[in-house]
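A note on names: the letters A, B, ... follow the listed sequences, proteins ahead of strands, and every chain is numbered from 1. Just the heavy atoms: all of them, side chains too, but no hydrogens, waters or symmetry mates, feed the values below.
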Protein chains: 2
Amino acid sequence: MKKLSRSLENYIEAVFIVSKEYGKCRVTDIQKKLKVSKPSIVNALSILKKKKLLFQEKYGLIYLTESGLKTAKKIYKKHTTILKFLENIFDLRAVKAEKIACDMEHIIDKKIQNKMEKILKNFNPEVKKILYGEKDETFAIKRG
Amino acid sequence: MKKLSRSLENYIEAVFIVSKEYGKCRVTDIQKKLKVSKPSIVNALSILKKKKLLFQEKYGLIYLTESGLKTAKKIYKKHTTILKFLENIFDLRAVKAEKIACDMEHIIDKKIQNKMEKILKNFNPEVKKILYGEKDETFAIKRG
DNA sequence: ATTCTATGTTAGAATAAACTAACTTTTATA
DNA sequence: TATAAAAGTTAGTTTATTCTAACATAGAAT
């Protein structure tokens, strides 16, 4: 399946998050999440339907297909990893980190995501000090 | 001045890099760099001219204005910082890092750039091991 | 000087993604 | 049940960015 555009990735991710948070998803919910007009959403949904990534009851609820769910989960996981990385490693505040993660998730690939996860797993205030050179780790080198 | 689009940032950056590398810049040079059609370049240049970021001799060489140079340098600096970060911290190969940096440079802000620079300044193989948890730094914590 | 080739430009079309305005369907409520 | 409000859809427009094809100009080579 051809890679989704940045825009379509955002829509399918929104469907996933809204469904997760509210237990269901309608056009209006996506509107609140993404702050775009309803026709824009309808248009995006029609493309995602053609790609069999989701379906919708007439004038009603939106559901991800199995393959849509798989796709959305990947994007969402990447999003949360990037978010944590921005907050923890770069000290970004939640709101700003959220915005930047939203853009970065369409760029970062699996390899970088894995590296981020590995770093986060092991991250703590001491590692942070060393990373930013606020602590001399040379003695650690000598003993390492 | 309104923020440039991703696309226009790429064009002005290309003008900067080509000028730096060849001492001059023509449409064809940009074409080689960006791999887009000439009309696309001409179109982008016409917008950047309107914004007084560059000018061009008739059928000839392209020059950045003072403000264009300032803008381009900012983008380029951000690009090289991201590139180094991707190569050093995430072990990306040059070609791939280059591609991703090209996308990231339009997203990352000054604050993140500064953090990246600070981290890079201080980075070495030992810090890297600690970052990825390949070395136990607990003794460093206890003595810190 | 004329002609060939590089390079640069214009015109017109395609695509993606957004919008507003108007319309339809569904749901809630009086 | 009739009507009002909310939700969803359609039609048509706009903007940004790209493209191909056709054309214009400049510089090099004969």
Would you kindly give the [atom1]-to-[atom2] distance between [X] and [N], to the nearest whole Å?
| X | N | atom1 | atom2 | value |
| --- | --- | --- | --- | --- |
| Ile41(A) | dA18(C) | CD1 | P | 10 Å |
| Lys2(A) | dT15(C) | NZ | P | 11 Å |
| Tyr59(A) | dT27(C) | OH | P | 12 Å |
| Asn43(A) | dT15(D) | CG | C1' | 15 Å |
| Arg26(B) | dT7(C) | CZ | P | 6 Å |
| Glu9(B) | dA16(D) | CD | C1' | 15 Å |
| Leu8(B) | dT15(D) | CG | C1' | 13 Å |
| Ile62(B) | dT7(C) | CD1 | P | 13 Å |

- line: By the Watson-Crick or G-U definition, both distances under 3.5 Å, dA26(D) is matched with dT5(C)

Residue Val27(A), side-chain atoms from C-beta onward, closest of dT9(D), dA21(D), dA17(C): dT9(D)

statement: Among the nucleotides dC19(D), dG8(D), dT17(D), whichever has the atom closest to the side chain of Ser5(B) is dT17(D)

According to a strict under-4.0 Å criterion, is [X] in side-chain N/O contact with OP1 or OP2 of [N]?
| X | N | value |
| --- | --- | --- |
| Ser40(A) | dC19(C) | yes |
| Thr28(B) | dA6(C) | no |
| Tyr11(A) | dA18(C) | yes |

- request: Answer syn or anti for dA6(C), where the cut-off is 90° from 0 on the glycosidic torsion.
  value: syn

- request: Could you check Lys32(B) against Pro39(A) and say which one's nearest nucleotide on DNA chain C is further toward the 5' end?
  value: Lys32(B)

- line: By nearest-nucleotide position on DNA chain C, the 5'-leaning member of Leu61(B) and Lys58(A) is Leu61(B)

How would you label the contact of [X] with the nucleic acid (heavy atoms, under 4.0 Å): base, sugar-phosphate, or nothing?
| X | answer |
| --- | --- |
| Gln56(B) | sugar-phosphate |
| Ser7(B) | sugar-phosphate |
| Ser37(A) | base |

field: Charged N-O contact under 4.0 Å between Asp103(B) and Arg6(B)
entry: no

- request: Taking Asp109(B) for its side chain and Ile112(B) for its backbone only, find out whether a donor-acceptor pair lies under 3.5 Å.
  value: yes

- prompt: Crowded around Lys49(B) NZ? As in, over 12 foreign heavy atoms under 6.0 Å?
  reply: yes

task: Give the ring-plane orientation class for Phe85(A) versus Phe90(B), where under 30° counts as parallel, over 60° as perpendicular and anything between as tilted.
output: tilted

message: We want to know whether Tyr76(A) and Glu105(A) form a side-chain donor-acceptor pair, criterion being a heavy-atom distance below 3.5 angstrom.
response: no

